[in-house]
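Labels below follow one simple rule: chain letters A, B, ... track the order of the sequence lines, proteins then strands, and each chain is numbered from 1. None of the values given here were measured: they were computed from a predicted structure.
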There are 2 protein chains.
Amino acid sequence: MAVTLKDIAEKVGVTESTVSRVLNGIPKASKETRKEIFQVAADLGYKPNQIARSLVTKKTHTIGLIISDLANTYFARVASGIEKIASKYDYSLIISTTGGDEIEELKYINLLKEKQVDGILFASGRMPKSCRKLLRETEIPTVVVAREVEEELPSVHIDNVKESYRAVKYLINNGHQKIAMISGNANDKESGLYRIQGYKQALNDNKLEVREELIVEGDFKLQSGIKAMEKILKRDSSITAVFAASDEMGVGAIKAIKKAGLKVPEDISVIGFDNNIISLASDPELTTISQPEAELGWRSMEMLYKVINGEELEEKKIFLPCELKKRGSVRKL
Amino acid sequence: MAVTLKDIAEKVGVTESTVSRVLNGIPKASKETRKEIFQVAADLGYKPNQIARSLVTKKTHTIGLIISDLANTYFARVASGIEKIASKYDYSLIISTTGGDEIEELKYINLLKEKQVDGILFASGRMPKSCRKLLRETEIPTVVVAREVEEELPSVHIDNVKESYRAVKYLINNGHQKIAMISGNANDKESGLYRIQGYKQALNDNKLEVREELIVEGDFKLQSGIKAMEKILKRDSSITAVFAASDEMGVGAIKAIKKAGLKVPEDISVIGFDNNIISLASDPELTTISQPEAELGWRSMEMLYKVINGEELEEKKIFLPCELKKRGSVRKL
DNA sequence: TTTGATTAGTCAAGCGCTTGACCAAAATTG
DNA sequence: CAATTTTGGTCAAGCGCTTGACTAATCAAA
């Protein structure tokens, strides 16, 4: 059996309350009893039962992370950033993966509520109405990560429209006019729709024609990038650049271009999005927009910590800047 | 205030015990009261407080995962595999990252003990004596992941010696005789030392000379692979193949070889280890040993589940087979 | 009709901890 | 030196749930 406060109390000859207070650093005991209590606690190898403690304090010092997919480097890095700060504040992290599925999301929100977590970090799907409603009902402090959300929920994310705009603008600045895009699914607002919007806006602002047939949808994975690029090449082989909504697709594009007997960047320039390690592995190395995943993670955790402690937030919605990583896959025309 | 058993009990006009039993599916109530209880519980939006429940049942339905680094794809995939099975069995996952640091490991074992987790999955550093001792004392069921461990602790991992042997043997079978190695740090037994052992053994068994100067140490990262390869080339440019202890280093090697004006695989063949997505991004694609990370994860969780439930394990140490992925970076001499 | 089993509950204790209220003795102050 | 404050504790309740022991009523069987 595990050793409890009672065991220590009996051995020392005081009540549990005294032991509890001493061990919690409340100065309500003589130097000698204090010393003895610490001694006995150490001897017995006492470890406070946090479950019991939580029951009374109504704090678990645990936060729940609802995330799409841990195997995905992007989310893994976000999670890693979160974990670091959580640990700094002595919070444990319960991680639940949803695959972006609404049913799972709801299930986990409920579960986390039952487990009485002190806060929730939501880095999953599109954050459907049902989730927002449930979250509101449960009244658990929540911060949304990497996802814009209409409501009053605090969030930290990047401006996908703006950053995509920047990528395409870079291409344009380098003299490109015929620019294709390999997009993600537009149902995914952030990295799907918004990145398409940024692309279109950049073209429009520069009086370039938006040709829908030059926007081919992929699923962010490498293979789909290859497929998409092949399609684009078939539709119009005179393009000089392509913007891929993810590095994996960007690398896929490079592969497809090479396979078609063309060269990157001599014939076609490619720019990606994410700054995944994969962008450094390809040949040529992929120019890309670098996302601050780790910072996304830790900022959201810092934010949540404030919310939990009732501190005021200076900003409810934080946009983190990305960085353009210039590498070898884009050339000046 | 959250709704409790008491609230339901009062509203229905029975005692808490009855409500508790009904909600837990224990058939000790009439059809009508059962129905009413469920109704009221739903109306009130009752969610059982698992903390209170845990305090009495002494089960938290939570397992703790102690892992090196979430941002590392390898561990992220292991974690992802674990999470899937944990979720299947309705276990929550508390994740703690240690960076392989002993102090952190000890800290987290203690923390998990305090949080009364039902089991621990250890996928961190070298599992030092101190950890094993602490783990034994805490008496929490534990399974070690991706790490061989002398003790009687159950574990699931791959046979790094054998799999490295296989990689090098493949090179030899393809006619290579002068084979260099880019290793990890030998302090890391599994992916450092053991992979070197496999390399040496394969050379020995085939009457090839082991030349220590042809084993250059990296840190598993891409950059270190480039550096290491440059060193090797400087030491003996007549080698025809190199075995890298990680895909990142393998890709680094390819880059260095190309930069030196040589071709892969025409001049030098390269084989990696991991089957990281990066191996598919490089040009040529990297031949490699594919590790079953996800399976490593879910098998260990399956194992832990059995241990927690007092089931007998058929095997205490499971070795999972890897797979040789033949791609374009190795040629037949 | 009596016995025995079953059904549908109640009661109370307890899981390990915190915390407000109380109290006696010692120490301080005017 | 009496009045007050401080020190060093104790006591009991309670967090929300489970669970063994008990009971009263109903029902089937002999």
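The side chain of Thr18(B) places no N or O atom within less than 4.0 Å of a non-bridging phosphate oxygen (OP1 or OP2) of dA8(C).
Counting non-hydrogen atoms under 4.0 angstrom, Ser54(B) reaches nothing in the nucleic acid.
Between the axis at the start and the axis at the end of the helix from dT1(C)-dA30(D) to dG30(C)-dC1(D) there is an angle of 40°, using five pairs per end and rounding to 10 degrees.
Summarising the geometry, atom OG belonging to Ser54(B) is positioned 8.5 Å from atom CG belonging to Asn49(B); distances are rounded to the nearest 0.5 Å.
Side-chain atoms of Thr15(A) and Thr18(A) include a donor-acceptor pair closer than 3.5 Å. Judged purely by distance below 3.5 Å, without hydrogens or angles, the side chains of Lys47(B) and Thr138(A) never pair a donor atom with an acceptor atom. With hydrogens and angles left out, the side-chain atoms of Tyr305(B) and Glu311(B) include no donor and acceptor closer than 3.5 Å. No side-chain donor from either of Asn110(A) and Glu114(A) sits under 3.5 Å from a side-chain acceptor of the other.
In this structure, Glu32(A) atom CD and dA26(C) atom C1' are separated by 14 Å, rounded to whole Å. If you measure from atom CD of Glu36(B) to atom P of dG9(C), you get 10 Å, rounded to the nearest angstrom.
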Distances for protein N/O vs nucleotides 12-18 of chain D N/O pairs under 3.5 angstrom?
from	atom 1	to	atom 2	distance (Å)
dC15(D)	O3'	Lys58(A)	NZ	3.1
dG16(D)	OP1	Lys58(A)	NZ	3.2
dG16(D)	N2	Ala52(B)	O	3.3
dC17(D)	OP1	Tyr46(B)	OH	2.6
dC17(D)	OP1	Asn49(B)	N	3.2
dC17(D)	OP2	Leu5(B)	N	2.6
dT18(D)	OP1	Asn24(B)	ND2	3.2
dT18(D)	OP1	Arg53(B)	NE	3.2
dT18(D)	OP1	Arg53(B)	NH2	3.0
dT18(D)	OP2	Ser20(B)	OG	2.5
dT18(D)	OP2	Asn24(B)	ND2	3.4

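Heavy-atom contacts from other residues, nucleotides or ligands closer than 6.0 Å to NZ of Lys35(A) number 12 or fewer. Heavy atoms of other residues, nucleotides or ligands lying less than 6.0 angstrom from NZ of Lys107(A) number more than 12.
Aromatic ring orientation, Tyr91(A) versus His61(A): parallel (interplanar angle below 30°, classes split at 30° and 60°).
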